Engineer: 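Sharing a structure, written as structure tokens. Questions coming.
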Amino acid sequence: STNAPDWDFLLYSKKRKLLSVRPFSDWSKRGIKTCIAIANNETLYKWPRVLMRDNFPYAGKTCKLYAFPGKSSTGRPMSLKYGKFGEYIVCDRLSTHENVPRFMQALFDTPPDRGVPLSFKRFGQANSYGFGLNYNRKEASYSILKTNSIAPEKEPRTMLDMPRSAFKPSLESEIVVNQSHFNDFFKEMQGAPEGLKKTSP
């Protein structure tokens, strides 16, 4: 969660009363690199985008449709006639605070844009052009972000239900990964000690 006025990134577990706070000054520059990151698209941050359509209809809005061209053997972007390995749909006509799209871009690790990211589709893996992968085949694609519709909320929930003092400051990994569950799992995988094994009557 993040909201005005400070826009700090809050990752929390209400059940276990754990809270991790990352300041806006940190995540707005470095991104949200946690175990909940959907994918790593750093290679596309400075990659040239080709504007396919400036008035692309998507999720009930007029958006911009970008395509990422493939790479040549020398590492340079090629013409789209040779295929593409990604599509990016953003909408810059939504009435939101500028930090809302920044947060979404950081959370889903999508390329920066002044619009709100609504869809990000990858065709195969980046930097693999020329190894027999056909990037513009729909069956070879997957979406890391997909928005079906857009509707304003009259009373969006932007704050924790409880005061911050009710939570224990924790690391992000402690919240995303329940250590006790992992301990139980590894104990089961390793087998119980001989003295604790149950025997059949």
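Start at 1 with the first residue, then count along the sequence. These figures come from a predicted structure and were not determined experimentally.
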Engineer: Given 3.5 Å as the limit, does a donor-acceptor pair link the side chain of Y88 with the main chain of P111, or not?
Structural biologist: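 Answer holds: yes.
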
Engineer: Any heavy-atom pair between the side chains of Y66 and I89 that's under 4.5 Å?
Structural biologist: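 No, their side chains stay 4.5 Å or more apart.
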
Engineer: Angle between ring planes, F103 versus F9, binned at 30° and 60°: parallel, tilted or perpendicular?
Structural biologist: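 Plane angle between 30° and 60°, so tilted.
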
Engineer: Of the non-hydrogen atoms in K61 and C91, which two are nearest, and what is the gap between them?
Structural biologist: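 Of all heavy-atom pairs spanning K61 and C91, the closest is CB-SG, 4.0 Å.
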
Engineer: Do the side chain of E172 and the main chain of V21 share a donor and acceptor less than 3.5 angstrom apart?
Structural biologist: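 Checked: no pair found.
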
Engineer: Ignoring hydrogens and geometry, is there a side-chain-to-backbone donor-acceptor pair from R16 to E174 under 3.5 Å?
Structural biologist: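 Indeed, once roles are kept as given, a pair shorter than 3.5 Å links the two residues.
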
Engineer: Short question: side chain of S170, backbone of K168 - any donor-acceptor pair under 3.5 Å?
Structural biologist: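 Judged by distance alone, yes, a pair lies under 3.5 Å.
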
Engineer: Could you give the distance from OG (S28) to CD (E98), rounded to the nearest 0.5 Å?
Structural biologist: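 Answer rounded to 0.5 Å: 10.5 Å.
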
Engineer: Minimum heavy-atom separation for G115 to P101, with atom names?
Structural biologist: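 Answer, listing the atom of G115 first, then P101: O-CB, 3.5 Å.
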
Engineer: If you define the side chain from C-beta out and look only at heavy atoms, does anything of L94 sit under 4.5 Å from I150?
Structural biologist: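 L94 reaches I150 side chain to side chain.
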
Engineer: Spell out, as yes or no, whether a donor-acceptor pair under 3.5 Å connects the side chain of E87 to the backbone of F120.
Structural biologist: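 Side chain of E87 to backbone of F120, a donor-acceptor pair under 3.5 Å: no, none is there.
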
Engineer: Restricting to non-hydrogen atoms, name the atom on Y12 and the atom on I175 that form the minimum distance, rounded to 0.1 Å.
Structural biologist: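 Taking Y12 first and I175 second, the nearest heavy atoms are C-CG2, 3.8 Å.
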
Engineer: In terms of the angle between their ring planes, are F24 and W27 parallel, tilted or perpendicular, with boundaries placed at 30° and 60°?
Structural biologist: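 Plane angle over 60°, so perpendicular.
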
Engineer: I would like to know whether I144 and T110 meet side-chain contact (heavy atoms from CB on, under 4.5 Å); could you show each step before the answer?
Structural biologist: CA-CA 9 Å; I144 64 167; T110 58; 4.3 Å; yes

Engineer: After noting the C-alpha distance and the side-chain angles of S20 and L18, does the key distance pass the side-chain contact (heavy atoms from CB on, under 4.5 Å) rule?
Structural biologist: CA-CA 7 Å; S20 174; L18 302 178; over 6 Å; no

Engineer: Would you say the side chain of S13 lies within less than 4.5 Å of the side chain of K17, judging by non-hydrogen atoms?
Structural biologist: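 Side chain of K17 against side chain of S13, heavy atoms only: no contact under 4.5 Å found.
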
Engineer: To the nearest 0.5 Å, tell me how far S143 OG sits from F108 CZ.
Structural biologist: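 If we round to the nearest 0.5 Å, S143:OG and F108:CZ are 11.5 Å apart.
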
Engineer: Hey, could you give me the CG/CG distance between D92 and D113, rounded to the nearest 0.5 Å?
Structural biologist: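 The CG atom of D113 is 7.5 Å from CG of D92, to the nearest 0.5 Å.
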
Engineer: Can N55 and K64 be said to form a side-chain contact (heavy atoms from CB on, under 4.5 Å), step by step?
Structural biologist: CA-CA 6 Å; N55 56 349; K64 293 185 178 181; over 6 Å; no

Engineer: Any side-chain heavy-atom pair from V50 and M52 closer than 4.5 angstrom?
Structural biologist: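 Yes; the side chains approach each other to less than 4.5 Å.
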
Engineer: Do F167 and M162 make a side-chain contact, defined as non-hydrogen atoms from C-beta onward lying under 4.5 Å apart?
Structural biologist: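 Yes, at least one pair of side-chain atoms sits under 4.5 Å.
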
Engineer: For V116 and T96, run side-chain contact (heavy atoms from CB on, under 4.5 Å): C-alpha distance rounded to whole Å, both residues' side-chain angles, the deciding distance at 0.1 Å, then the answer.
Structural biologist: CA-CA 9 Å; V116 178; T96 64; 4.0 Å; yes

Engineer: If hydrophobic clusters are built from ILVMFWY residues whose side chains come within less than 4.5 Å, do L10 and L171 share one?
Structural biologist: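 Hydrophobic grouping puts L10 apart from L171.
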
Engineer: Given 3.5 Å as the limit, does a donor-acceptor pair link the side chain of T2 with the main chain of W7, or not?
Structural biologist: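 Present.
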
Engineer: Which distance, rounded to the nearest 0.5 Å, do you find between the CG of D8 and the CZ of R22?
Structural biologist: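 With rounding to 0.5 Å, CG (D8) is 11.0 Å from CZ (R22).
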
Engineer: Which pair of heavy atoms, one from P117 and one from M104, lies closest together, and at what distance?
Structural biologist: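 Nearest heavy atoms, P117 then M104: O-CE, 3.5 Å.
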
Engineer: Report yes or no: does Y58 contribute a side-chain atom to a donor-acceptor pair with the main-chain N or O of L65 at less than 3.5 Å?
Structural biologist: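 Answer holds: no.
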
